[in-house]
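Below is one structure, written out as structure tokens, with a few remarks after it.
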Amino acid sequence: MPRGGNYLDATGLELVAQRVRDAVAEDAVVGTGHERGQATLDVAPPRVHDVLRYLRDGDEEPYGFLASLHGCDYLPAEPRLGVHYQLLSMERRDRLGVRTRVTVDEPHVPSVTDLFPTANFQEREVYDFFGVVFDGHPDPRRILMPEDYVGHPQRRDFPMGGEPVLFTFNEHKLPRWYE
């Protein structure tokens, strides 16, 4: 399969997309994108786990390493919240992006921690900052913000400049931010 710059080319991406549709489900891949040399599969949210399992274990050219998992807010576009998975084939040095998008009202995506243990903290961070809920996650708590914090600070509608955050477990030991 032709490749350029350690990324799949557009033809290779379409071949991967068709293999995923054949192996997982016809509705699994909702689109493809090839911009600036980077290949991306757009996947239906309920099919994320199945697609990533297939790409790791079942594809003729597998992607065995999850290099990155991160969130994105596409406001004003809908569906607004995105989850991006960056897969890597160590043997071929190929990269493949897998993206899914969910609405703020139904921000649910299946967890992939059973496939890629490194997704554990990355999914927690996306939940913490964007509010995407990863169904089946073994420890679905905030990771960087206090447990009682309200809101998701990386969303584009979050107030500019944010707001001061006091961590209650050590506030009596440290000087107050407003003093």
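Excluded from the calculations below are hydrogen atoms, water molecules and symmetry mates; all remaining heavy atoms, backbone and side chain alike, are included. As the structure is a computational prediction, the values presented were derived from the model and not from experiment.
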Spacing of R47 atom CZ and R21 atom CZ [to the nearest 0.5 Å]: 13.0 Å
With rounding to the nearest 0.5 angstrom, report the OG1 to CG distance, T118 to L66. 4.5 Å
Working for side-chain contact (heavy atoms from CB on, under 4.5 Å), residues V20 and D59: CA-CA 8 Å; V20 169; D59 193 42; 5.9 Å; no
Find out if a path of hydrophobic residues (ILVMFWY) with successive side-chain heavy-atom gaps under 4.5 Å connects Y74 to V30. no
For A44 versus D27, what's the shortest heavy-atom pair and its separation? CB-O, 3.7 Å
Roughly how far, to the nearest 0.5 Å, is the CD1 atom of I143 from the OH atom of Y127? 12.5 Å
Is it the case that the side chains of E61 and S89 hold a donor-acceptor pair, with the cut-off being a distance below 3.5 Å and no angle test? no
Apart from L88 itself, which Ile, Leu, Val, Met, Phe, Trp or Tyr residues share its cluster (side-chain heavy atoms under 4.5 Å, direct or through members)? F65, M90
Are the charged groups of R19 and D22 less than 4.0 angstrom apart, N to O? no
Verify same cluster id: V43, L13 (apolar side-chain graph, 4.5 Å): yes
Any idea which heavy atoms bring E125 and L144 closest together, and the distance? OE2-CD1, 4.0 Å
Take R95 and Q86 through the side-chain contact (heavy atoms from CB on, under 4.5 Å) test and state the conclusion after the steps. CA-CA 7 Å; R95 296 179 186 273; Q86 190 68 224; 3.5 Å; yes
Note: P153 and D128 closest approach over all heavy atoms is CD-O, 3.8 Å
Is the cationic atom of R142 (NZ for Lys, CZ for Arg) positioned less than 6.0 Å from the six-membered ring centroid of Y149 and within 45 degrees of its normal? no
Do you know the tightest heavy-atom contact between V126 and G71? CG2-N, 3.5 Å
Distance-only, no hydrogens or angles: does the H84 side chain make a donor-acceptor pair with backbone N or O of V98 under 3.5 Å? no
Working note: V102 + V83, criterion side-chain contact (heavy atoms from CB on, under 4.5 Å); need CA distance, chi angles, decisive distance, verdict. CA-CA 8 Å; V102 294; V83 179; 5.6 Å; no
Value for NE2 (H70) from CD (Q122), rounded to nearest 0.5 Å, stands at 9.5 Å
Quick note, salt bridge (Lys or Arg N to Asp or Glu O under 4.0 Å) partners involving residues 68-86, not counting sequence neighbours, are D73-R80, R80-D157
Between P45 and H108, what is the shortest heavy-atom contact and its length? CB-O, 4.1 Å
Within residues 41-64 or reaching into it, pairs that qualify as ring-ring contact (aromatic ring centres under 6.0 Å, His included) - sequence neighbours excluded: none
At what distance, to the nearest 0.5 angstrom, does CG of L52 lie from CG of L115? 6.5 Å
Are V133 and L69 in one and the same hydrophobic cluster, where Ile, Leu, Val, Met, Phe, Trp and Tyr link if side-chain heavy atoms are under 4.5 Å apart? no
Over 12 non-hydrogen atoms of neighbours within 6.0 angstrom of CZ in F121: no
Separation of L96 CG from L8 CG (nearest 0.5 Å): 5.5 Å
Minimum heavy-atom separation for D114 and S111, please, with both atom names. OD1-O, 3.9 Å
Are the side chain of R124 and the backbone of R141 linked by a donor-acceptor contact shorter than 3.5 Å? yes
Using modelled atom types and a 3.5 Å cut-off, is there a donor and acceptor pairing between side-chain atoms of E123 and backbone atoms of V112? yes
Please say yes or no: joined through hydrophobic side-chain contacts below 4.5 Å, possibly via intermediate residues, are L75 and F130 part of one cluster? no
Using side-chain contact (heavy atoms from CB on, under 4.5 Å), reason through L81 and R155 one step at a time and then give a plain yes or no. CA-CA 9 Å; L81 302 175; R155 287 188 180 176; 3.8 Å; yes
